Amino acid sequence: MFRDQPIKFVTTTATAISKMKRPDALAKLSRLCSENADALFASLQFCADNDIGCFRVNSQILPIKTHPVCGYQVGDLPDGDEIIRRFKECGELARKNKLRTCFHPDQFVVLNSPREDVVDKSVQELEYQGEVAEWIGADVINIHGGGAYGDKPKALADFAHNLDRLSNRVRSRLTVENDDKTYTPQDLLPICKATGIPLVYDVHHHRCNPDELSIQQATKQALATWNREPMFHISSPIEGWEGPKPERHHDFIDVMDFPKCWRRKSITVEVEAKAKEAAVKKLLDELKNEETDSPWFVYLLRCADGSLYTGITVDLARRLQQHNAGTASRYTRSRLPVVMVYHEEQPSRSHALKRELEIKGLSRQEKDSLVQSIK
């Protein structure tokens, strides 16, 4: 999906298809699949042109493919062979430009469900996505661990057991991701090591659902589960880490949420943000600015209630705008408007963080003196 680019993927509903005669339904589904193949090709070309190294393919790239009544085999479609050829062209484009493609099946794909019908449907959905993954050369089909169902060890054992129901083309691509409520990296790492299924480490989820591992430790252990380039996920909270629901994703990524221990590693980082391609571009630009040692700033804001707030940023004007928009800090959001009354330049983020702590430790009188020093 894109925010600004005129690239659209199409779908339909089982209700609409069920009202059509089967030949007409297959003709419509054939057209939708063809359009999505073209949209995928355009998406990959956009990524190649904009230095974006990975594209996550929509789970409905072949609309309602596994529906129990309206589902179909691609070979049943009027243009089935042509559709497969066009998807394989997408794979060639990806290989030519060294682009990575991946899938992240919907949340109803649960391999450890106690309901057999849910597991059956999950396997069917994974096999469909594995088929398309084979056409386009995708090497990751990423899922969550599922539910705990009151017995986490048993649920994880069921997850491992049901891996045997998958074909090799799915299992060889399958990965598992820590989530923000149930399974932490520490929960999943033993299963990953025992089964050979890599861990897609989601640092945002880990911050929401922490365990005994630090980000550095989780990163190191997750890297060791991969037999190909590792893939990690990053997000930022829409209302800040002090907000009521930090698991909710922001439009963009706060560069300060990007772990320092990920820098200069050969990894794929999937950006999960509502601004989509715009969020990727913004993060890339900010990371490049850091690499060129662009200066950081420590700043003080005077809030509407007279209190002072201390923070750091690489862009003073943008950060002030974020604060007044209510998206930068839970503290300032309830004390708007704010005015920037002091800032000082630091040579790096680490220096800025150290100085931020120093200023936060000052008394109110000392902070006021700091503000007066630039007047």
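Since we're looking at a predicted model, the values are computed, not measured. For reference, positions follow the sequence shown, starting with 1.
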**Student:** Suppose we screen for salt bridge (Lys or Arg N to Asp or Glu O under 4.0 Å). Which residues come up paired with Asp4, at least two apart in sequence or across chains?
**Tutor:**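 Result, salt bridge (Lys or Arg N to Asp or Glu O under 4.0 Å) vs Asp4: none returned.
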**Student:** Among residues at least two apart in sequence or on other chains, which ones pass ring-ring contact (aromatic ring centres under 6.0 Å, His included) with Phe232?
**Tutor:**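 If we apply the ring-ring contact (aromatic ring centres under 6.0 Å, His included) test to Phe232, skipping adjacent residues, the hits are Tyr201, Trp262.
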**Student:** Which residues pass the side chain to side chain contact (heavy atoms under 4.5 Å, CB included) test with Ala14, sequence neighbours left out?
**Tutor:** His67, Cys70
**Student:** Got a sec, which residues hit side chain to side chain donor-acceptor pair (under 3.5 Å) with Arg22, two or more places apart in sequence or on another chain?
**Tutor:** none
**Student:** Apply side chain to side chain contact (heavy atoms under 4.5 Å, CB included) to His249 and list each qualifying residue two or more places apart in sequence or on a separate chain.
**Tutor:**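 Checked His249 against side chain to side chain contact (heavy atoms under 4.5 Å, CB included); matches are His204, Ser235, Glu272.
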**Student:** Going by the rule ring-ring contact (aromatic ring centres under 6.0 Å, His included), which residues pair with His250 if we only count those two or more places apart in sequence or in a different chain?
**Tutor:**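 Partners of His250 under the ring-ring contact (aromatic ring centres under 6.0 Å, His included) test: none.
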**Student:** Each residue besides Tyr331 in its hydrophobic cluster should be listed here, by chain and number; the cluster joins Ile, Leu, Val, Met, Phe, Trp and Tyr at side-chain heavy-atom distances under 4.5 Å.
**Tutor:** Phe297, Tyr299, Leu301, Tyr309, Leu316, Leu320, Leu336, Val338, Met340
**Student:** For His343, enumerate each residue passing the ring-ring contact (aromatic ring centres under 6.0 Å, His included) test, keeping only those at least two apart in sequence or located in another chain.
**Tutor:**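 Testing His343 for ring-ring contact (aromatic ring centres under 6.0 Å, His included), a comparison that skips the adjacent residues, returns none.
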**Student:** Got a sec, which hydrophobics cluster with Val110, joining ILVMFWY side chains under 4.5 Å apart, including via others?
**Tutor:** Val118, Tyr149
**Student:** Could you work out, with ring-ring contact (aromatic ring centres under 6.0 Å, His included) as the rule, every residue matching Trp226, not counting sequence neighbours?
**Tutor:** none
**Student:** State which residues pass side chain to side chain donor-acceptor pair (under 3.5 Å) with Asp285; sequence neighbours excluded, sorted by chain then number.
**Tutor:**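 Only Lys281 meet the side chain to side chain donor-acceptor pair (under 3.5 Å) criterion with Asp285.
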**Student:** Residues in side chain to side chain donor-acceptor pair (under 3.5 Å) with Asp187, at least two apart?
**Tutor:** Lys152, Thr184
